[in-house]
Number of protein chains: 2
Amino acid sequence: MRADARRNRERLLDAAVELILEMGGEPARDAIANRAGVGIGTLYRHFPDQQSLLHAVALHVLDRSVAAGESALADSATGVEALRRYMHLAIDHGVGVLNLIYPLLDHANWPEQRARAESLLHAIVDRAHREGQLRRDATAKDIGFTIIRACRPLAVGLPPADERALAHRHVDICLDGLALEACRPPPG
Amino acid sequence: MRADARRNRERLLDAAVELILEMGGEPARDAIANRAGVGIGTLYRHFPDQQSLLHAVALHVLDRSVAAGESALADSATGVEALRRYMHLAIDHGVGVLNLIYPLLDHANWPEQRARAESLLHAIVDRAHREGQLRRDATAKDIGFTIIRACRPLAVGLPPADERALAHRHVDICLDGLALEACRPPPG
DNA sequence: AGTTAAACGGAGTACAATCCTCCGCTTATT
DNA sequence: AATAAGCGGAGGATTGTACTCCGTTTAACT
């Protein structure tokens, strides 16, 4: 595979992730190609139909997030630290698209990746619980939903850098709400 | 104004709010009429063009949220309680649409309502701060963004009742993160 | 109950956005 | 320098959306 082809493929996937998060559904193909800075023909060469594009997008974000999360779990001193790092990385990679495209997929067939992602999240949450750092009622679902919410842009038009900063701040706030740090000093 | 006309107008506005939150932009007119359970002609009679519809939607959510918030502020024993009640009510009314339609409006001309909404939010946040119940770095913007995030449905297809429950849980988690309750017992 | 004017529904046409193919040009690789 | 893989984007086909119009229904009032 030629180098420019690989580069364009990545750009297309990243653009698709951004647009799906903004629009909340199937964005127009031309819009994806435009945002990626490539011609429409290039999009169709890489992804001949809707399903292959959505499938590739799903695997794209899933693989990158899981990889990031696994190393976060391995390298962190505490459970909540691993959780915090995982959430921030997952947002940067845009895992939030998974929820949005799931109902559009004909057959979501990546049992292996799915299992890996679920067991990763549970491993992190369980560890934090075992170390007594999380509220009892905090579940893996809470984490997942928080990530999904943080992924979506607040309003189209805000500079991407600002959006990212707000997303990260939001995750930190939620984690503070889910964590269990008695008598922590006021952060401000 | 005939009773059925008033009822249909309300239904149309509610449907528009739901759809805007789901789609994140301008939903198709037919979709709004369908969801409201009225004919497309009825929509055009009430709102002859895009702008009048968007304008009405904005005022609809703004007025209801501000009214709810003002009574919450008056009736609550503490600042955070007022804040909590306001946030939950605002979500139920769908204030989150404001951010989404703002860039679509030709001229957003409701200075009075806008001022009332801003001063309300600041009044609530200030009171909570004065009573020492909020993190120092918690701002009115944090509250606003949290409400906006909670308003958006996580995934199209989930039953509305579940969506609402998740939204409310999310707000509670965020508030726990923003509040300052030293040594609070684990809620679970 | 009868009257009436306001309100309703939805088929249908005009318009706009989107999809996707095709082929001449460009560029990475050897 | 050769060449095959990759690129861009104009353009025709298709789908979706906007908006009108008019026969039917219904709330309001006597």
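For the numbers below, each heavy atom of this structure counts, side chains included, while hydrogens, waters and symmetry mates do not. Small disclaimer: the values here were computed from a predicted structure and weren't measured. So that the names make sense, note that chain A is the first sequence line, chain B the second, and so on, each numbered from 1.
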Handout entry: Any residue meeting salt bridge (Lys or Arg N to Asp or Glu O under 4.0 Å) with A:Glu163, in chain and number order, not counting sequence neighbours
Key = none

Exercise for the section: Report the residues that fulfil salt bridge (Lys or Arg N to Asp or Glu O under 4.0 Å) with A:Arg2, sequence neighbours left out, ordered by chain and then residue number. Expected result: A:Asp4

Carboxylate-amine/guanidinium proximity below 4.0 Å for [X] and [Y]:
{"X": "A:Arg6", "Y": "A:Glu10", "result": "no"}
{"X": "A:Asp14", "Y": "A:Arg35", "result": "no"}
{"X": "A:Asp137", "Y": "B:Arg169", "result": "yes"}

Fill in the blank from the handout: First and last nt of DNA chain D near chain A, cut-off under 4.0 Å to heavy atoms, 5' to 3', are D:dA5 to D:dA10

Handout entry: Under 3.5 Å: donor-acceptor pair, side chain of B:His129, backbone of B:Ile124
Key = no

Practice task
Check for a donor-acceptor pair, side chain of B:Ser76 on one end and backbone N or O of B:Leu73 on the other, with a separation under 3.5 Å.
Solution key: no

Handout entry: Protein proximity profile, nucleotides 3-17 of chain C - base contact B, sugar-phosphate-only contact S, no contact -, cut-off 4.0 Å on heavy atoms
Key = ---BSBBBB------

Problem - Flag if over 12 foreign heavy atoms under 6.0 Å of CZ, A:Arg64 - result: yes

Side-chain donor/acceptor pairs under 3.5 Å, residues 113-120 of chain B, sequence neighbours excluded:
residue, atom, partner, partner atom, Å
B:Arg116, NE, B:Glu70, OE2, 3.2
B:Arg116, NH2, B:Glu70, OE1, 2.9
B:Ser119, OG, B:Ala115, O, 3.4
B:Ser119, OG, B:Arg116, O, 3.2

Problem - Aromatic ring pairing A:Trp110/A:Tyr102, orientation class (parallel under 30°, perpendicular over 60°, tilted between) - result: perpendicular

Completion exercise
Note: contacts of residues 49-60 of chain A with DNA chain D (heavy atom, under 4.0 Å) are none

